[in-house]
Amino acid sequence: KMASGGSAANTIIAVSHFGGNSFYSCKVANDPAGDFYVQDLVRAGVDTNLHSERDAGTSGRCIVMITPDAERTMHTFLGISEKVSELELHADAIAASQYIYLEGYLVTSPSARAAAVKARQIAEKQGVKTALTFSDPNMVKFFRDGLQEMAGNGVDLLFCNQQEALFWAETDSIEEAAERLKATAKTFAITLGSEGALVFDGKDTHL
């Protein structure tokens, strides 16, 4: 079956399903897959920058194969989404938000990274809180400087898993990693697999 998606899109769609109002900035082409993507976002109750004419090209796709025992294999083609840029940002939507949510995967594309930095700057100027996810351990391992640029002087909320936290803090201790993350985020959640999560609410740490 087909569904609109991507890491950040799934989060924004979930916000809508839980009763929140959400806006998603992204880039798909003027092709059948792009048409489906826009329609699926609208069906999910998500507003978007995609209502105007879209560029020619090929929309990104991800084929996900799931076995009966829940093992998942993914094959991703970014397509035109790799060229997402500041042109896709909607300053009024950012200003009207309580939070903006930045996806760590954007760090791999120069234009996307620049867009993330610009979005954070707009949000900070408007008093909008910022949230960032590291997205994948390899983003931290190979694109650390770019992620730091996206985070700027620090975000209000950070999401990461245990391996990402350890890579970021350059330590083998999750306790030490949590302490060092306080320099990057006012609050954060570190997922720990079957052990749950370590959450810092700005004052206390909860496990």
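Computed from heavy atoms alone, side chains included, the values below leave out hydrogens, waters and symmetry copies. Keep in mind that this is a model prediction, so the values were computed, not measured.
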### Task
Report yes or no: do Val140 and Leu198 belong to one cluster of Ile/Leu/Val/Met/Phe/Trp/Tyr joined by side chain heavy-atom distances under 4.5 Å?
yes
### Cluster overlap Phe134 with Phe167, hydrophobic side-chain contacts below 4.5 Å
yes
### Query
Hey, mind stepping through Phe23 and Asn49 against side-chain contact (heavy atoms from CB on, under 4.5 Å) and telling me if it holds?
CA-CA 8 Å; Phe23 185 100; Asn49 66 299; 4.2 Å; yes
### Task
Apply the test salt bridge (charged side-chain N to carboxylate O under 4.0 Å, His left out) to residues Asp35 and Arg54: give CA-CA distance (whole Å), side-chain angles for both, the deciding distance (0.1 Å), then the verdict.
CA-CA 10 Å; Asp35 293 341; Arg54 305 189 304 275; 2.3 Å; yes
### Message
Check whether Thr130 reaches the backbone of Asp156 with its side chain - one donor and one acceptor, N or O, closer than 3.5 Å.
### Response
yes
### Query
Out of curiosity, does Leu78 fall in the hydrophobic cluster containing Tyr24 (side-chain heavy atoms, cut-off under 4.5 Å, transitive links)?
no
### Query
How long is the span from the CD atom in Glu176 to the OG1 atom in Thr171, to the nearest 0.5 Å?
3.5 Å
### Query
Would you call Lys141 and Asp136 a salt bridge, using N to O less than 4.0 angstrom?
no
### Query
For the residue pair Tyr105 and Thr108, what are the closest heavy atoms and their distance?
O-OG1, 3.1 Å
### Task
Looking only at non-hydrogen atoms, find the nearest pair between Thr133 and Tyr101 and report the distance.
CG2-OH, 3.2 Å
### Query
Does NZ or CZ of Arg180 lie under 6.0 Å from the centre of the six-membered ring of Phe188, at an angle within 45° of the ring axis?
no
### Message
Determine whether a donor-acceptor pair (N or O, by modelled atom type, separation under 3.5 Å) exists between the side chain of Glu124 and the backbone of Gln121.
### Response
no
### Query
Closest approach of Cys160 and Leu181, non-hydrogen atoms and distance?
SG-CD1, 4.0 Å
### Query
Can you name the nearest heavy-atom pair linking Gly202 to Thr187, along with the distance?
N-CG2, 3.7 Å
#### Entry: From His206 atom NE2 to Asp201 atom CG, the distance as rounded to the nearest 0.5 Å
3.5 Å
### Query
For the side chain of Ser25 and the backbone of Leu89, is there at least one donor-acceptor N/O pair under 3.5 Å apart?
no
### Task
In sequence, state the C-alpha distance, the side-chain angles, and the governing distance for Lys27 and Asp55, and then conclude on side-chain contact (heavy atoms from CB on, under 4.5 Å).
CA-CA 9 Å; Lys27 190 176 185 72; Asp55 293 343; 2.8 Å; yes
### Query
Can any side-chain N or O of Ser111 pair as donor or acceptor with the backbone N or O of Val84 at less than 3.5 Å?
yes
#### Entry: N/O donor-acceptor pair under 3.5 Å between Glu88 side chain and Ser85 backbone
yes
### Query
Shared ILVMFWY cluster between Val199 and Leu207, side chains joined below 4.5 angstrom?
no
### Query
Is the backbone N or O of Ser22 less than 3.5 Å from a side-chain atom of Ser16, with the two atoms forming a donor-acceptor pair by type?
no
### Query
For the side chain of Ser109 and the backbone of Leu106, is there at least one donor-acceptor N/O pair under 3.5 Å apart?
no
### Message
Can you confirm whether the side chains of Gln148 and Asp145 place a donor and an acceptor under 3.5 Å from each other?
### Response
no
### Nearest atoms (heavy-atom pairs only) where Cys26 meets Tyr37
SG-CE2, 4.0 Å
### Query
Are the side chain of Arg120 and the backbone N or O of Glu149 linked by a donor-acceptor pair below 3.5 Å?
yes
#### Entry: Atom of Ile100, atom of Ala119 and distance for their closest heavy-atom approach
CD1-O, 3.5 Å
### Donor-acceptor pair, side chain of Glu103 and main chain of Ala8, under 3.5 angstrom
yes
### Task
For the pair Ser59 (side chain) and Ala29 (backbone), establish whether a donor and an acceptor sit closer than 3.5 Å, ignoring hydrogens and angles.
yes
### Ile122-Leu102 co-clustered via ILVMFWY side chain contacts under 4.5 Å
yes
